[in-house]
Amino acid sequence: MLAILGAIETEVADNRRLLQDPVELRAGHLTVHRGQLHGVEVLLARCGVGKVNAAMATTLLHSAGATSLLFTGVAGGVAPGQQVGDLVVATDLVQHDVDVTALGRPPGQLLGEPGSWSADPAMSGRLREAAGASAARDGRAVHEGRIASGDQFVASASRAAALHTDFGALCVEMEGAAVAQAATSLGMPFAVLRALSDTADHGAAQDFPAFLTGSARLMAEVVEHYLRGDQSKIAL
Ligand code: ADE
């Protein structure tokens with residue numbers, strides 16, 4: 001069964017409103033809503049902000065019966081030429097706030113862990129098609145590439161540029177790479193979709209709340225395209 005996870009209420013509210021025959025469950029501390037979304041049985045949950053919350057929720061959803069996981073939420077764009085409202089589908093994810101360089105590891109790499117965690121190619125390919133179908137209508141761009149996660153809200157143009165040059169990231173957020181690490185450890189396929197609410201620069205603190213609702217609505221639309229697509233090609 002597919003689990004759909006978001007960090008904050010706005011990121012999960014649209015999908016929860018559309019859930020048919022909803023049943024509320026508890027998985028540890030997590031409230032999970034199970035039901036039919038666009039004809040597909042799913043688990044929906046809100047994990048809270050940050051890497052620890054994201055990793056805990058991923059683990060609890062797996063224990064509650066999830067066999068694949070889709071994370072949707074907003075992010076700050078860090079690549080040149082991006083616009084608020086653009087969509088990003090993760091190929092792989094890094095934890096940009098990890099620093100074990102004193103022990104000879106590259107920035108972002110934990111001891112005993114890979115430099116980045118790869119999203120499931122079939123889920124991500126399907127997500128890219130679904131994002132493309134939504135984006136084509138109003139001229140938004142869909143980007144596919146690396147996402148950087150850390151327990152930091154980035155609101156500095158120089159820090160944003162460094163995340164792009166040092167890590168090759170397209171956007172920055174606070175949960176995706178923790179979901180990626182936990183899901184990979186559990187052997188659970190996952191994908192991450194982000195809509196840009198800001199460009200992680202000095203305007204980010206104002207742009208983030210201003211564009212949050214619109215970006216969240218857009219993601220719910222992409223999820224609908226994703227679920228209504230050819231489900232034989234994706235893990236559900
Ligand atoms: N989520 C949305 N915008 C963000 C930013 N600028 N930094 C971290 N997480 C974000």
Side-chain angles (χ1 to χ4, degrees), residues 4-15 45-58 70-99 107-108 116-117 119 127 131 135 140-182 190-220 222-223:
I4 303 176
L5 184 62
I8 57 178
E9 181 56 23
T10 317
E11 291 172 330
V12 299
D14 287 312
N15 284 333
R46 173 174 61 82
C47 59
V49 174
K51 293 190 302 173
V52 171
N53 282 330
M56 282 197 297
T58 301
L70 174 58
F71 192 99
T72 69
V74 295
V78 299
Q82 292 175 325
Q83 311 274 354
V84 166
D86 285 0
L87 294 162
V88 179
V89 176
T91 49
D92 63 327
L93 301 100
V94 296
Q95 294 179 8
H96 69 80
D97 55 352
V98 166
D99 184 353
S116 71
W117 293 270
L127 200 51
R140 294 168 197 275
V142 178
H143 310 274
E144 193 171 18
R146 181 171 290 170
I147 292 180
S149 311
D151 287 323
Q152 300 166 358
F153 185 85
V154 176
S156 143
S158 59
R159 178 76 187 127
L163 290 172
H164 181 62
T165 47
D166 297 352
F167 292 100
L170 298 185
C171 67
V172 62
E173 38 84 311
M174 302 177 71
E175 294 83 22
V179 167
Q181 182 181 356
F190 72 93
V192 179
L193 169 72
R194 293 282 181 174
L196 301 186
S197 57
D198 58 81
T199 48
D201 55 12
H202 66 282
Q206 286 77 44
D207 290 345
F208 170 73
F211 293 104
L212 179 61
T213 307
S215 301
R217 188 150 307 134
L218 179 65
M219 278 178 302
V222 177
V223 168

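Both ligands and their constituent atoms are indexed starting at 1 by order of listing. All values derive from a computational prediction rather than experimental measurement.
- Each of the following atoms of ligand 1 lies closer than 4.0 Å to a heavy atom of Ser197: 2 (C), 3 (N).
- Listed by atom number, the atoms of ligand 1 under 4.0 Å from Phe208 heavy atoms are 2 (C).
- The nearest protein atom to atom 10 (C) of ligand 1, hydrogens excluded, is given as Val172 O, 3.7 Å; this is a heavy-atom distance.
- Atom CG of Asp207 and atom CG of Leu212 lie 11.5 Å apart (nearest 0.5 Å).
- In this structure, NE2 in His96 is found 8.0 Å from CD in Glu173, a value given to the nearest 0.5 Å.
- Ion pairing of Glu11 with Arg46 is absent here, as no side-chain N (NZ or NE/NH1/NH2) approaches a carboxylate O to less than 4.0 Å.
- Within the model, atoms CG of Asp198 and CD of Gln206 stand 10.0 Å from one another, a figure rounded to the nearest 0.5 Å.
- Within the 4.0 Å heavy-atom shell around ligand 1 one does not find Arg194.
- Here the shortest heavy-atom pairing between Val49 and Glu175 reads CA-OE2, 3.3 Å.
- Rounding to the nearest 0.5 Å places CG of Asp14 at 8.5 Å from OG1 of Thr213.
- In this structure, Ala155 has no heavy atom closer than 4.0 Å to ligand 1.
- Note that the CG atom of Leu193 and the CD1 atom of Ile4 stand 10.5 Å from one another [nearest 0.5 Å].
- Interface of Ala200 with ligand 1, defined as ligand atoms under 4.0 Å from a residue heavy atom, comprises 6 (N).
- Taking atom 3 (N) of ligand 1 as the reference point, the nearest protein heavy-atom neighbour is Asp198 OD2, 2.7 Å.
- Note: an N/O pair closer than 3.5 Å links Val154 and ligand 1 by distance alone.
- Nearest non-hydrogen protein atom to atom 4 (C) of ligand 1 is Phe153 CE1, 3.3 Å.
- The backbone of Ala75, and not its side chain, has at least one atom closer than 4.0 Å to an atom of ligand 1 (non-hydrogen atoms only; backbone = N, CA, C, O).
- At the top of the distance list for atom 8 (C) of ligand 1, counting protein heavy atoms only, stands Gln152 O, 3.4 Å.
- In this structure, Ile147 CD1 and Asp92 CG are separated by 9.0 Å, a value rounded to the nearest 0.5 Å.
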